[in-house]
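Okay, structure first, notes after.
Whatever order the structure lists them in is the order used to number ligands and atoms, beginning at 1.
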Amino acid sequence: MKTLALGLAAALALALPAQAQSKYPERPITMIVPFAAGGPTDIIARIVSENMSKTLGQQIVVENVAGAGGTTGITRAVTAAPDGYTIAMGHLGTFSAAPATYPGLKYDPINGMQTIGLAGGTPILIVAKKAFAPKDLKEFVAYVKANSDKVNEAHAGVGSVSWTTCTLLKGQLGVPKLNSVAYRGTGPALNDLVSGQVDFMCDQIVSVAEQIKAGTIKAYAVASAERSPALPDVPTTKEAGLPEYQIEAWNGIAAPKGLPKEAVDKLVDALDKALNDETVKKRLLDLGTVLPTKEERTPAGFAALIKRDADKLSPVLSAAPKQ
Ligand code: ASP
């Protein structure tokens, strides 16, 4: 017995250096959401981080730092100390569209941050206030072209997903300028859409799905190749007569460059575990989120997605009016 105890003690002593390396995280982690509460980025961040906290054994505290199309919060997050205690939930806008939109951007999503992984794909919908005159997408297109001086478009700031995806839409319709109303996130923009203060917006499915189902706003189309299982009655842009309008958005996690490998590995593992959890999966799928593939959940897979979309978007966005 004594020998066994001694043997165990020796084995534990041998294991100590490894343990000493694996202390992270020792205190709560801040996840910066660069938009207001209640929007898609905030909703995905809260669902995923709650489960990641359990795996990491430390609380992930979500902090909303809104402004400048999400670039204020991402700047703060990716220029923080690379110790794993500040991370961010960004998206297609902040990571792929912002560099072409803000020439003086203080971060470089391609070479200047540590990607963790994709948290979810988010189909884009063209949605409008309930009382907006056009009944379907064809009528919407004709109406916007004929009334470009009157139509109010809501978005979450220049460079955000709503701004980016509506900028592509307006480019295709040949109406580069509408009256745009910028919000600190599409959570507050959606409130104004429901109460009829603004006419329409392009947004990620996550926060609009429930409102569409409840009939408080209407959806003209989803800009994906297939209908969303969360909204089976909403046609695709192809079905509704605007096949060239195809764009997929997404949300994912990044951290400052220079993060120790141990922290990267633990965050990647916690994200993967969250996305494999049945409750998390159900909550995300009910909101229309597309679950990431194994590859997209890795730092390299997510970095490749950011670059692919940045390459695709920059020619259009650098030339677009920033309003
Ligand atoms: N979906 C928003 C956007 O337009 C951001 C948000 O509120 O999550 O970028």
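When heavy-atom distances to ligand 1 are checked against a 4.0 Å cut-off, Val33 has no atom that comes that close, whether in backbone or side chain. Proximity of His155 to ligand 1, defined as any heavy-atom pair under 4.0 Å, is not found for any part of the residue.
Counting protein heavy atoms only, atom 8 (O) of ligand 1 is closest to Thr41 OG1, 2.7 Å. Considering only non-hydrogen protein atoms, atom 9 (O) of ligand 1 sits nearest to His91 NE2, 2.6 Å. Shortest contact from atom 4 (O) of ligand 1 to any protein heavy atom: Ser162 OG, 2.5 Å. The nearest heavy-atom contact from the protein to atom 1 (N) of ligand 1 is Gln204 OE1, 2.7 Å.
Distances shorter than 4.0 angstrom occur between a heavy atom of Pro40 and an atom of ligand 1.
Distance alone, capped at 3.5 Å, places no donor-acceptor pair between the Arg184 side chain and the Ala36 backbone. At least one donor-acceptor pair closer than 3.5 Å links the side chain of Glu239 to the backbone N or O of Thr236. Here the side chain of Thr94 pairs no donor or acceptor atom with the backbone of Gly90 at under 3.5 angstrom. The backbone N or O of Lys23 sits nowhere less than 3.5 Å from a side-chain atom of Glu26 that would complete a donor-acceptor pair. For Asn179 (side chain) and Asp149 (main-chain N/O), a donor-acceptor pair under 3.5 Å exists by modelled atom type.
Here the CE-OG1 distance, from Met52 to Thr55, works out to 8.0 Å after rounding to the nearest 0.5 Å.
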Inset, instruction - Could you check Thr30 against Glu63 for side chain to side chain donor-acceptor pair (under 3.5 Å), going step by step and ending with a plain yes or no? - result: CA-CA 7 Å; Thr30 299; Glu63 192 185 332; 4.7 Å; no
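Ligand 1 has no nitrogen or oxygen under 3.5 angstrom from a nitrogen or oxygen of Ala36. When only interatomic distances are considered, the shortest N/O to N/O separation between Asp42 and ligand 1 does not fall below 3.5 Å.
Residue Phe35 holds the heavy atom nearest to atom 5 (C) of ligand 1 of all those in Trp163, Tyr183, Phe35. Looking at Thr186, Val206, Asn64, Val161 and measuring to atom 2 (C) of ligand 1, the nearest heavy atom belongs to Thr186.
Close approach of ligand 1 to Gly185 (heavy-atom distance below 4.0 Å) involves ligand atoms 7 (O).
Phe200 and Phe132 have parallel rings, their planes meeting at less than 30° on a 0 to 90° scale where 60° marks the start of perpendicular.
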